[in-house]
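Notes follow the structure.
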Amino acid sequence: MDKRDNTENGYTDENGIRFVDTKVVGDFYDVSKETVLHWIKDGKISGKQLSGHGGKWFVPAEEFEYLKKQRKNNTVEEDMRELLGDAYAGIWEIELDEG
């Protein structure tokens, strides 16, 4: 059976791999647990149902830490907001020249 570890909403599986609740991931990205579940099912992030948790899904803690680090290091959106000021809409549309 999987056991709770010392981290908030963290669990360790039978192989010693740490996982975090989809709520923790959702809170970080400001999305719902359901959105995180869709990401898992779409293969965008890894996930696993841990035994003894009523079918709940969890994300490997190592992957989540990596994603958080990547997001922290990605300053493109912040740079664009600073450069464009009020003109920045947060939505990028890119047109490719097929020439």
Side-chain angles (χ1 to χ4, degrees):
M1 178 162 189
D2 306 310
K3 59 184 180 224
R4 186 164 176 84
D5 62 25
N6 293 332
T7 62
E8 179 183 345
N9 296 309
Y11 298 88
T12 304
D13 73 1
E14 64 278 357
N15 298 315
I17 298 172
R18 288 184 44 241
F19 289 85
V20 294
D21 193 306
T22 53
K23 181 177 181 346
V24 173
V25 178
D27 287 349
F28 179 77
Y29 286 105
D30 197 26
V31 298
S32 69
K33 294 186 312 183
E34 290 76 18
T35 297
V36 176
L37 183 58
H38 286 290
W39 293 346
I40 293 169
K41 291 186 176 188
D42 290 344
K44 294 178 180 176
I45 62 174
S46 301
K48 179 179 179 181
Q49 288 180 296
L50 299 180
S51 62
H53 295 283
K56 283 180 63 174
W57 285 83
F58 296 85
V59 174
E62 185 175 351
E63 181 173 346
F64 181 49
E65 291 302 320
Y66 172 80
L67 293 171
K68 289 192 323 186
K69 183 178 178 184
Q70 292 303 310
R71 185 174 189 195
K72 182 179 177 185
N73 291 336
N74 182 359
T75 62
V76 172
E77 187 168 343
E78 183 179 310
D79 294 343
M80 291 297 290
R81 188 179 314 275
E82 183 177 326
L83 178 67
L84 298 176
D86 292 338
Y88 178 73
I91 300 172
W92 299 7
E93 291 186 24
I94 300 172
E95 292 184 27
L96 300 176
D97 183 17
E98 296 183 27

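What you are looking at is a predicted structure, and each value in this text was computed from that prediction instead of being measured. Quick note: residue numbers are just sequence positions, from 1.
Residues in residues 32-46 take part in no salt bridge (charged side-chain N to carboxylate O under 4.0 Å, His left out) pair, two or more places apart or across chains.
Of the inter-residue distances, the one linking Tyr29 atom OH with Ile45 atom CD1 reads 7.5 Å to the nearest 0.5 angstrom. Note: Asp21 CG to Trp57 CH2 = 13.5 Å, rounded to the nearest 0.5 Å. In this structure, the separation between CG on Leu37 and CD on Gln49 is 8.5 Å, given to the nearest 0.5 Å. Annotation: the span from Thr35 atom OG1 to Ile40 atom CD1 amounts to 11.0 Å, rounded to 0.5 Å. The structure places CD of Glu65 at 4.0 Å from NZ of Lys68, a figure rounded to the nearest 0.5 Å. Rounding to the nearest 0.5 angstrom, the gap separating the CZ atom in Phe19 from the NZ atom in Lys48 is 4.5 Å.
Within a 6.0 Å radius of OH in Tyr66, no more than 12 heavy atoms belonging to other residues, nucleotides or ligands are found.
Under the side chain to side chain contact (heavy atoms under 4.5 Å, CB included) rule, Thr22 has a single partner from Val31, Asp27, Val36, which is Val36.
Closest approach of Ser46 and Pro60 over heavy atoms only: O-CD, 3.5 Å.
When atom types are taken as modelled, the side chain of Asn15 and the backbone of Ile17 share no donor-acceptor pair closer than 3.5 angstrom.
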